[in-house]
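Notes for the one structure printed next.
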Amino acid sequence: MSDVTALHPGDTDLSVATGRTEALTGIAAGLAWLLAAVAAAAFDDLGDWLETQNYAIGVGVFGLSFIVLGLTGRWFPRGAAWVTRAGPWLIALGLVLTLWQLAAAKLGWLPQPFFPPPQGILEVYTFEYEELASHFLASFRLLAVGFVIGTIAGFLVGVSIGWSHKAGYWVHPVLRFIGPLPATSLLPIVFFAFPSSWSASIFLIALAAGFPVAVLTWSGVANVNTAYYDVARTLGVKPLGLIFKVAIPAALPNVFIGLFMALGAAFSALMVAELVGVKAGIGFYIQWSQGWASYANVYAALILLALLCSGSITLLFRIRDRLLSWQKGLVKW
């Protein structure tokens, strides 16, 4: 007997409706971006912007791509699904680009050089990408080293306080006295106490990142259910094993909350350190560009900084999802 799969009329109707939604969303998003391209190409610029034509071509290519993805959902379902899901944002972004183009480069509603048009930012990426890349790498290196040192130190301090009463007696008062103090308030002391501005910045970022990790790790370890320890002891787990096999895994949700808080604090300390003492990095580049009234460079650097922040948070979410996959059935993420 052969298996026969029945196709219900409702399934066909649902498929047709989905295809129609994908097509309409793709067309709407594409038209919004084509409108931005027309706004850039059809009118003369009030200023001297070198990348207007390339900007219009690039935006137009994106617009046509959205239309094609929406119309070819039968053959490229993933692309069509992405356009449908991101459609409202794509439409809004296309309209924002159109208004931004008209207000800054065509009609003069936004004062220059404080609000450059999008092609002005494209010029920075086209002609100064090497310098921007060097400053971006400098910020990334400074952030990564300071964040890693601070979170490791904070994690060890938190575990020791949460596990050992003696450590809590000696370390807890110091943590409560120094921890709430903003790391940036130590700038006048730190930059004189350390041999270089780079090492001083590392200390500030590590201090800013270490405190929330220490507090949340301490809270997680201290609040582990004692029944878990009793069960582990009956299974023959030794005291050191209780820390690594019971206390730390049970405290990981709190640890990751501390890591997310530490990441925000580390970025704040990074910007202050680069604006004050370090001679390389996104913060330094922003300050230098502002001094020369190169606000297109300022916005280009801010976009890179936003990408660095967003990428770091996304990476941390991926790590959390991998290590805490057992929580998905208990906690709604």
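The cluster map of Ile, Leu, Val, Met, Phe, Trp and Tyr, joined by side-chain heavy atoms under 4.5 Å apart, puts I121 and L305 in the same cluster. Cluster membership check: I313 shares its hydrophobic cluster with L307, using side-chain heavy-atom separations under 4.5 Å among Ile, Leu, Val, Met, Phe, Trp and Tyr. Residue L156 is grouped with residue I248 when hydrophobic side chains (ILVMFWY) are merged at heavy-atom distances under 4.5 angstrom, including chains of intermediate members. Clustering ILVMFWY residues whenever any of their side-chain heavy atoms sit less than 4.5 angstrom apart, transitively, puts V61 in a cluster other than the one holding L71. Residue I319 is grouped with residue F140 when hydrophobic side chains (ILVMFWY) are merged at heavy-atom distances under 4.5 angstrom, including chains of intermediate members.
Atom OH of Y228 has 12 or fewer heavy atoms from other residues, nucleotides or ligands within 6.0 Å. Heavy atoms from other residues, nucleotides or ligands lying under 6.0 Å from OH of Y229 number more than 12. Other residues, nucleotides and ligands contribute at most 12 non-hydrogen atoms within 6.0 Å of the CZ atom of F62.
Under the 3.5 Å distance criterion, with hydrogens and angles disregarded, a donor-acceptor pair is assigned to the side chains of Q119 and Q101. In the model, N223 has a side-chain atom that pairs as donor or acceptor with a side-chain atom of S219 under 3.5 Å. Donor-acceptor pairing under 3.5 Å is lacking for the side chains of S201 and E274.
Put simply, the side chain of S160 does not reach to within 4.5 Å of the side chain of W218, judged on heavy atoms. With a 4.5 Å cut-off on side-chain heavy atoms, I67 and L34 count as touching. S312 has its side chain within reach of L308: a pair of non-hydrogen atoms, C-beta onward, lies under 4.5 Å apart. Using a 4.5 Å heavy-atom cutoff, the side chains of Y125 and L304 are in contact. Under the 4.5 Å side-chain criterion, counting only non-hydrogen atoms from C-beta, L259 is in contact with V213. With a 4.5 Å cut-off on side-chain heavy atoms, W163 and L242 count as touching. Residues V272 and L204 form no side-chain contact, since every pair of their non-hydrogen atoms from C-beta on lies 4.5 Å or further apart. Contact annotation: the side chain of F244 approaches that of L240 to within less than 4.5 Å [non-hydrogen atoms, C-beta and beyond].
Remark: side-chain polar atoms of T151 are paired, donor with acceptor, to backbone N or O of V148 under 3.5 angstrom. Put simply, the side chain of S164 never gets that close to the backbone of I161: no donor and acceptor are under 3.5 Å apart. A donor-acceptor contact shorter than 3.5 Å links the side chain of T234 to the backbone of V231. In this structure, S139 contributes its side chain and I282 its backbone to a donor-acceptor pair below 3.5 Å. Although no hydrogens or angles enter the test, the distance criterion places a donor-acceptor pair under 3.5 Å between the side chain of S185 and the main chain of P182. The main-chain N or O of Q290 is never found under 3.5 Å from a side-chain atom of S294 such that the two would form a donor-acceptor pair.
Atoms CG and CG, on L35 and L99 in that order, are 8.5 Å from each other to the nearest 0.5 Å. Note: L323 CG to L252 CG = 6.5 Å, rounded to the nearest 0.5 Å. The distance from atom CD of E128 to atom NE2 of H135, rounded to the nearest 0.5 Å, is 9.5 Å. Atom-to-atom distance recorded for H165:NE2 and H172:NE2 is 13.5 Å, nearest 0.5 angstrom. Rounded to the nearest 0.5 Å, atoms OG (S289) and OH (Y299) are 12.5 Å apart. Taking CZ from F127 and CG from L50, the interatomic distance works out to 5.5 Å, rounded to the nearest 0.5 Å.
Pairing each heavy atom of P173 with each of G168, the nearest pair is CD-O, 3.6 Å. Contact between L324 and P253 at its shortest, heavy atoms only, is CD1-CA, 4.0 Å. Closest heavy-atom contact between G94 and A36: O-CB, 3.8 Å. The heavy-atom pair separating A247 from V224 by the smallest distance is O-CG2, 3.9 Å. Closest of all the heavy-atom pairs between V124 and A300 is CG1-CB, 3.7 Å. When every heavy atom of V83 is checked against every heavy atom of G26, the shortest pair comes out as CG1-CA, 3.6 Å.
Ring centroids of Y285 and F136 are separated by 6.0 Å or more, keeping the two rings apart. Not less than 6.0 angstrom separates the ring centroid of F115 from the ring centroid of Y295.
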Any chance you could lay out the side-chain contact (heavy atoms from CB on, under 4.5 Å) test for F114 and L110, step after step, and finish with the verdict? CA-CA 8 Å; F114 306 104; L110 297 177; over 6 Å; no

Going through the checks in order, is the side-chain contact (heavy atoms from CB on, under 4.5 Å) test met by L107 and F43? CA-CA 9 Å; L107 302 177; F43 303 97; over 6 Å; no

Derivation of the side-chain contact (heavy atoms from CB on, under 4.5 Å) call for W198 and I202: CA-CA 6 Å; W198 197 85; I202 291 292; 3.7 Å; yes

Evaluate side-chain contact (heavy atoms from CB on, under 4.5 Å) for T21 paired with T84, printing each intermediate quantity in order. CA-CA 7 Å; T21 301; T84 303; 4.3 Å; yes

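At a threshold of 4.0 Å, the pair D230-R233 counts as salt-bridged, since one of the basic side-chain nitrogens sits closer than that to a carboxylate oxygen. Electrostatic pairing of K106 and D45 counts as a salt bridge here, judged by a charged N lying under 4.0 Å from a carboxylate O.
Note: W33 and F66 have perpendicular aromatic rings, judged against thresholds of 30 and 60 degrees for the angle between ring planes.
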